[in-house]
K.L.:
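Just passing along the structure, written as structure tokens.
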Amino acid sequence: MGFLIVDHYSKNIVSIPRYYVAEGVDTVFKDGKTTYDTVYHQVKNFQLTNQLGQQVSLDDLDGKIVVVNLFFTHCPVVCPKLTKNIKSLQDAFVKNDTLVQFLSLSVDPVRDSVSQLKRYADHFDIDPGNWWLMTGSKQEIYDLARHELFVSATEGDGGPNDFIHSEKLIVLDKNRYIRGYYNGLDSTDLGRCAADVAFLFLEKDHTKPGLLKRIFSGGDH
């Protein structure tokens, strides 16, 4: 984990990944002073079925950093490359596999049955211990993609003609706040994603997102 940080960041001071998707502003009146605090989107819990046939949920991942992507097993070009790149991230954290969980949500859940997901996972040598390939209701998955993860600007009904595809990786912190979007096909972005996962795991909990300290490579906080 330390190697990822030092290797990726060469500056003396680096910033903790910021919060994404502001939803509003709270007005706080205290000691005669008025302050304003931005309220950020917190991804809601969801439950889907993984490649082992288990019903699993976001609630099962309490205390972990979560990396989410969208894919489908019949994708001919983009998804295989994306999957290989995520596998490289999984391998990078093999000695710290309890700090991060990878979730790949199928955007073609009708064809991506549990058995199909298992075949795909076996083909790419995916360790199910901290990487779940997930299927379920198309409408629920598409709603998550659009209104919880914000990977698509277009609206749809989750019907047969509705389709979402994205190469993005979305990182959620331990409190389910979105803390980064990364191009999963770009090696530079993959390195940034790996380093940010490590930083977020080391980040102290804050009662209000947005009030972040800076981490100094010399060891001072």
K.L.:
Report the C-alpha separation of Arg119 and Asp122 in whole Å, then their side-chain angles, then the decisive distance to 0.1 Å, and conclude whether the salt bridge (Lys or Arg N to Asp or Glu O under 4.0 Å) test is met.
P.N.:
CA-CA 5 Å; Arg119 284 191 293 271; Asp122 290 345; over 6 Å; no

K.L.:
Would you kindly say whether Gln54 and Asn50 are connected by a side-chain donor-acceptor distance under 3.5 Å?
P.N.:
yes

K.L.:
Counting heavy atoms not belonging to Gln139, are there more than 12 under 6.0 Å from its CD?
P.N.:
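Not more than 12 within 6.0 Å, no.
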
K.L.:
Measure the CD1-CG distance between Ile65 and Leu172 for me, rounded to the nearest 0.5 Å.
P.N.:
8.5 Å

K.L.:
Hey, what do you get for CG (Leu70) to CE (Met134), rounding to the nearest 0.5 Å?
P.N.:
12.0 Å

K.L.:
Can you sort out the partners of Thr135 under side chain to side chain donor-acceptor pair (under 3.5 Å), two or more places apart, ordered by chain and number?
P.N.:
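Thr135 satisfies side chain to side chain donor-acceptor pair (under 3.5 Å) with no residue once adjacent residues are dropped.
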
K.L.:
Does the ring centre of Phe93 sit less than 6.0 Å away from the ring centre of Phe102?
P.N.:
no

K.L.:
Just by modelled atom types, is the Leu82 backbone N or O under 3.5 Å from a matching donor or acceptor in the Glu167 side chain?
P.N.:
no

K.L.:
To which residues is Val25 joined in a hydrophobic cluster, defined by side-chain heavy-atom contacts under 4.5 Å among Ile, Leu, Val, Met, Phe, Trp and Tyr, whether direct or through other members?
P.N.:
Tyr36

K.L.:
Look at atom CG of Asp26 and say whether more than 12 heavy atoms of other residues, nucleotides or ligands are closer to it than 6.0 Å.
P.N.:
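Enclosed.
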
K.L.:
Could you work out, with side chain to side chain donor-acceptor pair (under 3.5 Å) as the rule, every residue matching His74, not counting sequence neighbours?
P.N.:
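Here no residue qualifies.
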
K.L.:
Can you list every pair that meets salt bridge (charged side-chain N to carboxylate O under 4.0 Å, His left out) and has a residue in residues 80-93, with sequence neighbours left out?
P.N.:
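Counting only pairs at least two positions apart or across chains, the salt bridge (charged side-chain N to carboxylate O under 4.0 Å, His left out) contacts touching residues 80-93 are Lys87-Asp91.
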
K.L.:
Taking the side chain as everything from C-beta on, heavy atoms only, tell me whether Tyr182 gets closer than 4.5 Å to Leu89.
P.N.:
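Contact flag for Tyr182/Leu89 side chains = no.
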
K.L.:
Leu103 vs Leu48, test: side chain to side chain contact (heavy atoms under 4.5 Å, CB included). Steps then yes/no.
P.N.:
CA-CA 10 Å; Leu103 304 181; Leu48 296 168; over 6 Å; no

K.L.:
Could you state the interatomic distance from CZ (Arg18) to CD1 (Ile178), rounded to the nearest 0.5 Å?
P.N.:
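Spacing of CZ (Arg18) from CD1 (Ile178) equals 10.5 Å.
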
K.L.:
Hey, what do you get for OG (Ser106) to CD (Gln51), rounding to the nearest 0.5 Å?
P.N.:
12.0 Å

K.L.:
Validate the cation-pi geometry between Arg179 and Tyr20: distance from NZ or CZ to the six-membered ring centre under 6.0 Å, angle to the ring axis within 45°.
P.N.:
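Judged by the rule (NZ or CZ under 6.0 Å from the ring centre, within 45° of its axis), Arg179 is not positioned above Tyr20.
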
K.L.:
Who passes side chain to side chain donor-acceptor pair (under 3.5 Å) against Ser137, sequence neighbours left out?
P.N.:
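By the side chain to side chain donor-acceptor pair (under 3.5 Å) rule, Ser137 matches no residue at all.
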
K.L.:
Nearest 0.5 Å please: distance from the CG atom of Leu105 over to the CG atom of Leu144.
P.N.:
7.0 Å

K.L.:
Can you find a side-chain donor-acceptor pair between Asn130 and Gln90 that sits under 3.5 Å?
P.N.:
yes

K.L.:
With sequence neighbours excluded, tell me which residues meet ring pair (Phe, Tyr, Trp, His ring centres under 6.0 Å) with Phe71.
P.N.:
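Here the qualifying residues are Tyr120.
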
K.L.:
Mind checking the CG-CH2 spacing from Leu52 to Trp132? Nearest 0.5 Å is all I need.
P.N.:
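It is 9.5 Å, given to the nearest 0.5 Å.
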
